[in-house]
Asks: 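Pasting a structure below so you can have a look.
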Amino acid sequence: LLPNMDYSNHDMVEDYTFSARADRLLSLLKHYDPNVFFLNEFNFAWWKEVITDEDAILKTLTKYNYVESRSTGKSVKGEGTKYRDLYNMVFYDQEQFELIDTGSFVTCQTWGGWYDHCTWVKLLHKESGQEAVYAAIHVQTVPSGEQHVERAVKSVQAAVTAVEELNKIANGLPIIMGGDFNTTEESRGYRTYQYMVNEAGFKDSRYAAPQTDSSGTARIWGSSLKNNGNRIDYIFVNGASVKKYDVAAGAFLKDHTYVENVPEADL
């Protein structure tokens, strides 16, 4: 939960604690069994739930490893108590992949001494011998009012920096970049998506896949786990094919049974 917000009128509060959400994340990972996955806006509480606590997710799913990530502020390895001190995390199945290289870089300075950044990892798939670069990114929101233009420009600058740096790192290898870009495809005056697909040469995996899904990806903080239809999170690829694109828009019941569609009252 976010600090200083009133959740008193929401029925979902009990099930929206970090602990309950971590339980659902564990169920999600067990259900889909991904080879590589990204987690954005990963703060100190998530660091404990996923990595360091005695019952942390990685201590249950021991095949996964993660790469060190630079935070939006100055914290490292989950230090600090500020909810704005966030990480972009890349996790991979170390039984299937060998870590070749990793790093992170700032994409732009946002406000108040905070930075947007991108975390990347170069992995070798042991069975096929194929190398690829995987990158997790988070791009700031663009509010209404006086800050709109400035932040819209910085959003595009962040995408440009990420593409330029990742192209250097990959040096011709496939790139899979995913994360929260905080923009829809048709956002007016907000060209981040258009830059990625029309200028940077990346493909939106939703449209690159022969089997695809039109669901949105945004959910309403604290008040609902329902999907509101807006797509602000993307997986862009360059030099890689996409077999299937799917949004996990369903939910887990309290017994961790996954259902594709469920009334909010049943969650």
Asks: After noting the C-alpha distance and the side-chain angles of Phe236 and Val197, does the key distance pass the side-chain contact (heavy atoms from CB on, under 4.5 Å) rule?
Replies: CA-CA 8 Å; Phe236 294 109; Val197 298; 3.8 Å; yes
Asks: Is the backbone N or O of Ile175 less than 3.5 Å from a side-chain atom of Asn238, with the two atoms forming a donor-acceptor pair by type?
Replies: no
Asks: Enter the distance from Arg21:CZ to Leu28:CG here, rounded to the nearest 0.5 Å.
Replies: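 The CZ atom of Arg21 sits 13.0 Å away from the CG atom of Leu28.
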Asks: Can you confirm whether Leu58 sits close enough to Val50 that some side-chain heavy atom of one is under 4.5 Å from a side-chain heavy atom of the other?
Replies: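 Sidechains of Val50 and Leu58: in contact.
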Asks: Applying the 4.5 Å side-chain criterion to the ILVMFWY set and letting contacts propagate, would Phe42 and Leu29 be lumped into a single cluster?
Replies: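 Yes, because Phe42 and Leu29 connect within a single hydrophobic cluster, where side-chain heavy atoms sit under 4.5 Å apart.
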Asks: Would a distance-only check, ignoring hydrogens and angles, find a side-chain to backbone donor-acceptor pair under 3.5 Å from Asp213 to Val247?
Replies: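 The answer is yes, because a donor-acceptor pair under 3.5 Å joins these two groups.
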Asks: Any side-chain heavy-atom pair from Phe38 and Val90 closer than 4.5 angstrom?
Replies: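 They are in side-chain contact.
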Asks: With a 4.5 Å cut-off on side-chain heavy-atom distances among I, L, V, M, F, W and Y, is there a chain of contacts connecting Val156 to Phe202?
Replies: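 Cluster IDs for Val156 and Phe202 match.
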Asks: Between Val36 and Asp93, is the side-chain contact (heavy atoms from CB on, under 4.5 Å) condition met? List the steps.
Replies: CA-CA 6 Å; Val36 179; Asp93 182 345; over 6 Å; no
Asks: What is the ring orientation for Tyr234 with Phe181, classed by angle as parallel under 30°, tilted 30 to 60°, or perpendicular over 60°?
Replies: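 Rings of Tyr234 and Phe181: perpendicular, over 60°.
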Asks: Does any donor atom in the side chain of Thr107 or Asp116 lie under 3.5 Å from an acceptor atom in the other side chain?
Replies: no
Asks: Taking atom NZ as the centre, does Lys126 end up with more than 12 heavy-atom neighbours from other residues, nucleotides or ligands that are less than 6.0 angstrom away?
Replies: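 For Lys126, atom NZ is crowded (more than 12 foreign heavy atoms under 6.0 Å).
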Asks: Treating Lys154 as the side-chain partner and Gln109 as the backbone partner, does any N or O pair qualify as donor plus acceptor under 3.5 Å?
Replies: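 Yes: the side chain of Lys154 pairs with the backbone of Gln109.
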Asks: How many angstroms lie between atom CG of Leu86 and atom OG of Ser75, to the nearest 0.5 angstrom?
Replies: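 Output value for this atom pair is 10.0 Å.
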Asks: Taking salt bridge (Lys or Arg N to Asp or Glu O under 4.0 Å) as the definition, give me every residue that meets it alongside Asp233, ordered by chain and number, with sequence neighbours left out.
Replies: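 By the salt bridge (Lys or Arg N to Asp or Glu O under 4.0 Å) rule, Asp233 matches no residue at all.
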Asks: Hey, quick one: are Ile51 and Leu26 part of the same hydrophobic cluster, counting side-chain heavy atoms closer than 4.5 Å, chains of contacts allowed?
Replies: yes
Asks: Specify the closest pair of heavy atoms between Ala162 and Met177, including all atoms of both residues, with the distance to one decimal.
Replies: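 What the structure gives for the nearest pair is CB-SD, 4.2 Å.
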Asks: Give a yes or no on whether Val106 and Val163 share a hydrophobic cluster (residues Ile, Leu, Val, Met, Phe, Trp, Tyr; joining criterion: side-chain heavy atoms under 4.5 Å apart).
Replies: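 No; Val163 is not reachable from Val106 via cluster members.
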Asks: Ignoring hydrogens and angles, tell me if any N or O in the side chain of Ser69 forms a donor-acceptor pair with the backbone of Tyr87 under 3.5 Å.
Replies: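 Pair absent, no side-chain N/O of Ser69 close to backbone of Tyr87.
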Asks: How long is the span from the CG atom in Leu173 to the CG atom in Asn167, to the nearest 0.5 Å?
Replies: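 Leu173 CG to Asn167 CG: 11.0 Å, rounded to 0.5 Å.
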Asks: OG1/Thr119 to CZ/Phe105 distance, rounded to the nearest 0.5 angstrom?
Replies: 8.5 Å
Asks: Are any side-chain N or O atoms of Lys59 and backbone N or O atoms of Thr52, one a donor and one an acceptor, separated by less than 3.5 Å?
Replies: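 Yes, the answer is positive, given that a donor and an acceptor are paired below the 3.5 Å cut-off.
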Asks: For residues Pro174 and Gln130, report the shortest heavy-atom separation together with the two atoms involved.
Replies: CD-NE2, 3.6 Å
Asks: Ignoring hydrogens and geometry, is there a side-chain-to-backbone donor-acceptor pair from Asp53 to Ala56 under 3.5 Å?
Replies: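 Such a contact is absent between Asp53 side chain and Ala56 backbone.
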Asks: Assess the side chains of Thr183 and Thr192: does a donor N or O sit below 3.5 Å from an acceptor N or O?
Replies: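 On atom types as modelled, these side chains do not qualify, holding no pair under 3.5 Å.
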Asks: Distance-only, no hydrogens or angles: does the Glu164 side chain make a donor-acceptor pair with backbone N or O of Ala159 under 3.5 Å?
Replies: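 No, the answer is negative, given that no donor and acceptor are paired below the 3.5 Å cut-off.
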Asks: Please assess Leu39 against Leu25 for the test side-chain contact (heavy atoms from CB on, under 4.5 Å), listing each intermediate value before the final yes or no.
Replies: CA-CA 10 Å; Leu39 294 179; Leu25 175 59; 4.1 Å; yes
Asks: Within a strict 4.5 Å, meaning less than it, do heavy atoms of the Val133 and Ile176 side chains meet?
Replies: no
Asks: Keeping the roles fixed (side chain from Thr212, backbone from Ala208), state whether a donor-acceptor pair exists under 3.5 Å.
Replies: no
Asks: Could you tell me whether the side chain of Thr184 and the main chain of Ile232 form a donor-acceptor pair under 3.5 Å?
Replies: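 No.
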Asks: Using the test side-chain contact (heavy atoms from CB on, under 4.5 Å), find all partners of Val76 that sit at least two apart in sequence or belong to another chain.
Replies: Glu79
Asks: With a 4.5 Å cut-off on side-chain heavy-atom distances among I, L, V, M, F, W and Y, is there a chain of contacts connecting Tyr134 to Ile235?
Replies: yes
Asks: Glu49 and Ala22: which non-hydrogen atoms are nearest, and at how many Å?
Replies: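 Closest heavy-atom pair between Glu49 and Ala22: OE1-CB, 3.5 Å.
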Asks: Please examine the side chains of Val160 and Glu199, heavy atoms only from C-beta on, and report whether any two atoms are closer than 4.5 Å.
Replies: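 Answer no - side chains too far apart.
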Asks: To the nearest 0.5 Å, how far apart are OG1 in Thr161 and CG in Leu166?
Replies: 10.5 Å
Asks: Find the distance between NZ (Lys122) and CG (Asp101) and round it off to the nearest 0.5 Å.
Replies: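 The distance works out to 6.0 Å.
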Asks: Ignoring hydrogens and geometry beyond distance, is a side-chain donor-acceptor pair present between Asp204 and Tyr245 at under 3.5 Å?
Replies: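 No, Tyr245 and Asp204 have no side-chain donor paired with an acceptor closer than 3.5 Å.
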Asks: Is there a side-chain contact between His125 and Gln96 in this structure, where contact means two heavy atoms from C-beta onward sitting under 4.5 Å apart?
Replies: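 Yes - at least one pair of side-chain heavy atoms lies under 4.5 Å apart.
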Asks: Is it true that a side-chain atom of Asp180 and a backbone atom of His138 form a donor plus acceptor pair closer than 3.5 Å?
Replies: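 Judged by distance alone, no pair lies under 3.5 Å.
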Asks: Please report the C-alpha distance between His117 and Ser71 in whole Å, then the side-chain angles of each, then the deciding distance to 0.1 Å, and finally whether the side-chain contact (heavy atoms from CB on, under 4.5 Å) criterion is met.
Replies: CA-CA 8 Å; His117 69 290; Ser71 75; 5.6 Å; no
Asks: Please output the side-chain donor-acceptor pairs of residues 61-68 that fall under 3.5 Å, not counting sequence neighbours, one pair per line with the distance.
Replies:
residue: Lys63; atom: NZ; partner: Asp33; partner atom: OD1; Å: 2.4
residue: Tyr64; atom: OH; partner: Pro34; partner atom: O; Å: 2.5
residue: Asn65; atom: ND2; partner: Tyr92; partner atom: OH; Å: 3.4

Asks: Identify the heavy atoms of Arg231 and Tyr207 that sit nearest to each other, and give their distance.
Replies: NH2-CE1, 3.8 Å
Asks: So, for Ser104 and Arg70, which heavy atoms are closest and what is the spacing to 0.1 Å?
Replies: OG-CB, 3.0 Å
